[in-house]
Amino acid sequence: MTDVANEPRGPGTLSTIVRSLEFRMFCLALTLAIILSLSSPFFLTERNIFNILDQSVVIGIVAVGMTFVILTGGIDLSVGAVFGLAGIVLAQLLQTMPVPLAIPLAVLAGAGIGLFSGVLVAVFGLAPFVVTLGVMAIGRSLSFIFSGQRSISGLPEGLDSIVYSSFLGIPANVLFLIGLYLCAWGYLSYAKGGRTIYAIGSNKEAARAAGLSVTFYSVLPYVVSGALAAVAVTFSLAQVMSADPMAGSGLELDAIAAVVIGGASLYGGRGTLIGTLFGVLIMVMIRNGLNLMGVSPFWQGTAIGSIIILALLAERLITWRSART
Amino acid sequence: MHQSQTRAEPLLTARGVSKSFGKTQALTDASLALRPGEIVGLLGANGAGKSTLSRIISGHLRPSGGDIAFGGTPLALTSTRDALRRGIALVAQETSLAPDMTVLENIFLPDLATPGRLSFRAMRDRAGELLSGLGHEHVLPLDAEVRLLSAAQKQLVEIAKALALDARLVIFDEPTASLSMTEVNRLFDIMARLRDGGRALAFVSHRLEEVFAITDRVTILREGLAVAEDVATSTLTQGDIIQHMVGRDIGAIYTKRTAADTVVQDIAFEVRGLSSAPYVRDMSFAVRKGEILGLGGLVGAGRSEAVEAIWGLRARQGGEILVHGKPVTFRKPADAVRAGLGFVAEDRRAQNIVPDMSVRENLMLAQMGQHRGFGRGYGKRSAQMTQLIADLGLPADRLDTSLLNYSGGMQQKIIIARWLLTDPEILILDEPTKGVDIGTRSSIYSILQSAADAGLAVIVISSDFEELLGLAERIVVVSDGYTIADLPAARLTEEKLTLLAAPRTSTARNQALLRALAQDYDADAFWTLIDGEELICLAQAGRSLAGLPPGEALRAEETNVSVALAARHDDFVTEADGDRQTLLVQMTDKRGHDLGWIGVTVAGDATVPPSDEIRARVQALLHAEEESA
């Protein structure tokens, strides 16, 4: 074959890793960690590291669902509201039933809301932004109604055990987070469904023509996202032992930011869970570091926003340069 | 009839125009001259560059080279707005109208870009003037939204829009494709008025009958080159034009089996009476195991739409699909994939490639669609894939790099391999060599050939007739959404294929006449083109006496009516054996161009129908057309 000579040479494994976006995000996280540990003596302590991991659990879980959705080229603005609503639902259920029954029901409620959004997006072809915006408004409003406009406290003892038990010195919620990332990464990389999600985001027409189940796997990410928002609120409730109808407001933006910092394309088809994990860690580290340094919480938004924009800008400049060479 | 001894100076002259899109050279050396008071037909086969040239002249595209002068000064357009400002307008297939605005607003859309207040009253008066100048003041409600109009009305709005800018040069790009016969005649009436008003017009069309009906001169392009320039239409025949369009350039890149090599196998896949509005009207074809079937026709004839309808990507209104003789319905592509079909869609980027995935994942995509289970199912195919990529000449160590790094030809081979990996029994390929270099083409041909040798039923859609004739054993010709002929490739030439594929506005009308004649005289009625000794039968009705099946290309002596064909007498002619009597009536349009012959054959012992009456009926048909014009 003559046309082979013109084809590119396959890059080596090392250069593939170095050139990957996850690696650059890893470097960014590392740099941040070094800067923060230099500027605060409390940053690099065992206690603070567990603190960071603990703070990563809620946003980390929600970001997994968001990664699924964004990979298909969609967006889920409703996760914060679903988080709040599922929290109220769980708290109300816990008044009458035991923990092992209440949690699955709350997760099912979250999945149901996701199914609703997913069907509207994938079957009826509505814009994900608008659908989930509507669901966000409905969810928040329902959580006020179901809660009677107040926080619900007095949750049963035993709920907190899902956070305050540990294995090999690692808290249960952190273990859950690690397990979730491993499972989800395996699914997205090696299962037919996961690859279909990537293919849908990259070229839906080609995926359909190749006989993939485009509709089913366009709905699934929203279901996952809704269910995981409910899982996340379970861990949150176990820590604070009360459910607030306003809980999770702004959570959707944090989750989207983490996914985007992690290198996913909002057009779909590109991004990894490893990237999302680094995105989550970067966000949490900045918050944590700024707190340690005593920076006013009002400045934290500016800091995080700037880092998101700088990360994307740097990424774009690198892509341009590599496109030119 | 428009005739002038001294011709006006050209309004527009284009010399040596070239245009390339990346590596594809759409135009190499195109020339065109348009004069005030003349209609020039711009002709050429699929991909000859007609539309590219029109789009350059109207400012949609910028040429890569060549000189264009307009009104004596060099023309370098920067945009369509620039072109409109100078008085050059394009009336295209897909209209450039704003569907949610009214007719009036659309006609004066370019005025919205000028500063100052708009006077709707003045606009209304002017629109009335323009439309009455076109003879159509009552056909167009000025306040109707454009999306509610018919295709013909939209076109009228486009024309009025061009005239509102006082366009001196109007290019009509395939304007008649979606019009009925009456609408076509009305359009021609408008075009004639514009010409007589001293405007320069270009008419881009595949329809030879229409070219003969309306143009004064023609320019013919072939592969981006002007091969006949500014020739008077009256001096040309259909055969001349097709000769120019096709040319001769047969390479030895096809490795075709001869018919003798193949044993007739079972029909693997069949489509009967498929319809899918608006492009697919009535299509039927069948392909056998181990056979390569070509679907030939012009771009827009409905071939791609038909296979997309089969594949479950478009709604079907009617028709049956049979796989190995069993009726099936594919509601979504997954159904077709699992039934053992493969489909390489026409648009590589939009329909086939998954850009963010590696070569391996792109290769495995269709088998993943076929695979039932939780995992990707890569394992069971890996040995097969290793073999396949070796056959393709793709090194195994680059499987995990991006597909986008490869040339278009290699990408296409990978997409074909994607489907071969699913072990299909039927493989449909839509324009498999579009935008592919010649070297890769021949390797795609041999991939398809060996797939067929292995027992696959292959259907290839191609607008490249040379390729189709070289690759396919049998060709089904599609025109205007109908399958009109089904012939062994060996009996076809590019000229015959071009003639058969040409959409004919008069088809429906002529078929009705044939049916009436066949019934009234208990006869075999046929419509055929006669070119020397060669015949191409376009339609037939009634008893089978004359031996001219529709869609067949024959020599006169191969028919049962060779004596009559040789004589072409005014009255019925009896064959040598006395078995048949045949009358032939030539159809000519009002400008004297040959539209083919109507033949009526009755049995030798039958009473001879009145030949005057038949001639009168044919004439009445032609006359009716002129009346309505």
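Here is the naming used below: chain letters follow the sequence lines, and residue numbers restart at 1 for every chain.
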* Looking at B:Asn352, B:Val354, B:Asp347, B:Leu313, which makes the most heavy-atom pairs under 4.5 Å with chain A? -> B:Val354
* To do: Heavy-atom distances under 4.5 Å only: say whether A:Thr196 touches chain B with side chain, backbone, both or neither.
  => both
* To do: Select one option (side chain, backbone, both, neither) describing which atoms of B:Ala350 are under 4.5 Å from chain A's heavy atoms.
  => backbone
* When B:Ile310 is tested against each of B:Ile321, B:Val328, B:Ile426 for side chain to side chain contact (heavy atoms under 4.5 Å, CB included), which residue passes? -> B:Ile321
* Interface moiety of B:Arg348 toward chain A, non-hydrogen atoms closer than 4.5 Å -> neither
* N/O donor-acceptor pair under 3.5 Å between B:Arg376 side chain and A:Ser189 backbone -> yes
* What part of B:Leu365 gets closer than 4.5 Å to chain A, counting heavy atoms only: side chain, backbone, both or neither? -> both
* Asked: Checking B:Glu308 against chain A: side chain, backbone, both or neither under 4.5 Å from a heavy atom?
  -> neither
* To do: Tell me, for B:Ile353 versus chain A, whether the close heavy atoms (under 4.5 Å) come from the side chain, the backbone, both or neither.
  => backbone
* Heavy-atom pair count under 4.5 Å with chain B, highest-scoring of A:Ala207, A:Gly269, A:Ser265, A:Ser213 -> A:Gly269
* To do: Walk me through it: do B:Asp453 and B:Gln449 pass the test side-chain hydrogen bond (donor to acceptor under 3.5 Å, both in side chains)?
  => CA-CA 6 Å; B:Asp453 289 340; B:Gln449 203 60 256; over 6 Å; no
* Is the side chain of A:Arg195 donor-acceptor paired with the backbone N or O of A:Leu188 at a distance under 3.5 Å, no angle test? -> yes
* With no hydrogens and no angle check, is any side-chain donor or acceptor of A:Tyr190 less than 3.5 Å from a backbone partner on A:Trp185? -> no
* To do: Check whether any side-chain N or O of A:Asn203 sits under 3.5 Å from a backbone N or O of B:Arg349 as a donor-acceptor pair, and report yes or no.
  => yes
* To do: Name the option with the most non-hydrogen atom pairs under 4.5 Å to chain A; the candidates are B:Met357, B:His371, B:Gln367, B:Gln370.
  => B:Met357
* Asked: Going by distance alone, is a donor N or O of one side chain under 3.5 Å from an acceptor N or O of the other, for B:Arg303 and B:Ser463?
  -> yes
